[in-house]
2 protein chains.
Amino acid sequence: MDDFAVDPVILSLTHHAVDWPLCRVFLYDDARYAWCLLVPRRAGVVEIADLTPEDQAQLMQEVVRLSGGVRAMEGVEKLNVGALGNMVPQLHMHVVGRRRGDPAWPGPVWGHSDPVRHDPAERDRRIALVRAF
Amino acid sequence: MDDFAVDPVILSLTHHAVDWPLCRVFLYDDARYAWCLLVPRRAGVVEIADLTPEDQAQLMQEVVRLSGGVRAMEGVEKLNVGALGNMVPQLHMHVVGRRRGDPAWPGPVWGHSDPVRHDPAERDRRIALVRAF
């Protein structure tokens, strides 16, 4: 596990919020959505099934924990949870807050359009919300 | 829990494959993808966080179990796992087998285009695969 590193594409699109027992937690840098990512701190993992059963259970717990943080962000009506990895194979789980009428609604946010970056104050406010969970 | 029923939209787009301890398992009726659904047999559940912690852990186990069945289908190179619910709020988890060059690649399958229904032989072959897991 010593060679764990987060994919540079993920790093370029996110801000680090906090580390939980399994995952590094990121705020995705798109102000239009309340969008966070969980990246298990395990090297070489692509699919959920590549994790041990204990880590799979922990990932689920951290999805639910992060769901609380995302739901606390303004305007969130529905959560979208997904692990795709078609572009970046390293296992990462999205937890995205959606609302009727958001730019991608009712379609998925993934691949919809280029992100609109946060201003620093909103970024820091959202990161603080995640850290409170 | 007595009033559990699967949303009619889900029923119209799928074939029932099998019931596992928590979920009803469906084959999504689109021959272009190895695409299955898990629907927890609990009434009134919209978000993963609405499940009890025990059911959340069981859902994760069934995601991994279904991942095996989907990976056994022809041509699958990558899994996409997601719970969206923007159109159908009842909690349902997609496990989708993807391959480079499939019609939606590298974007998500959700909302991409109308399904191309299975012929009965391929439908039955895929359902048998899921049941074997």
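Heavy-atom basis, side chains included; hydrogens, waters and symmetry copies ignored. Here is the naming used below: chain letters follow the sequence lines, and residue numbers restart at 1 for every chain.
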Please flag which part of [X] lies under 4.5 Å from any non-hydrogen atom of chain B: side chain, backbone, both or neither.
X: A/Val96; result: neither
X: A/Met87; result: side chain
X: A/Val81; result: both

Name all residues meeting the side-chain hydrogen bond (donor to acceptor under 3.5 Å, both in side chains) criterion together with B/Asp50; count only those two or more places apart in sequence or in a different chain, and write none if there are none. none
Pairs involving residues 88-103 of chain A, ordered by first then second residue, that meet salt bridge (Lys or Arg N to Asp or Glu O under 4.0 Å) (sequence neighbours left out): A/Glu77-A/Arg100, A/Arg98-A/Asp102
Any pair counted as salt bridge (Lys or Arg N to Asp or Glu O under 4.0 Å), so long as it reaches residues 57-68 of chain A, sequence neighbours left out: none
Max heavy-atom pair count under 4.5 Å with chain A, selected residue of B/Asn80, B/Leu59, B/Val64: B/Asn80
Does [X] reach the main-chain N or O of [Y] with its side chain, forming a donor-acceptor pair under 3.5 Å?
X: B/Glu47; Y: A/Leu79; answer: yes
X: B/Tyr33; Y: B/Ala104; answer: yes
X: B/His94; Y: B/His92; answer: no
X: B/Arg41; Y: B/Ala5; answer: no

Any side-chain heavy atom of B/Leu38 sitting closer than 4.5 Å to one from B/Trp20? yes
Would you say the side chain of A/Lys78 lies within less than 4.5 Å of the side chain of B/Leu84, judging by non-hydrogen atoms? no
Mind ranking A/Gly85, A/Ala49, A/Ala57, A/Gly107 by heavy-atom pairs under 4.5 Å with chain B and telling me who comes out on top?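 Of the options given, most contacts go to A/Gly85.
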Output the option from A/Pro53, A/Pro106, A/Pro89, A/Gly82 having the highest count of non-hydrogen pairs under 4.5 Å with chain B. A/Pro106
Residues 108-133 of chain B vs chain A, non-hydrogen distance cutoff under 4.5 Å, contacting residues -> B/Pro108, B/Trp110
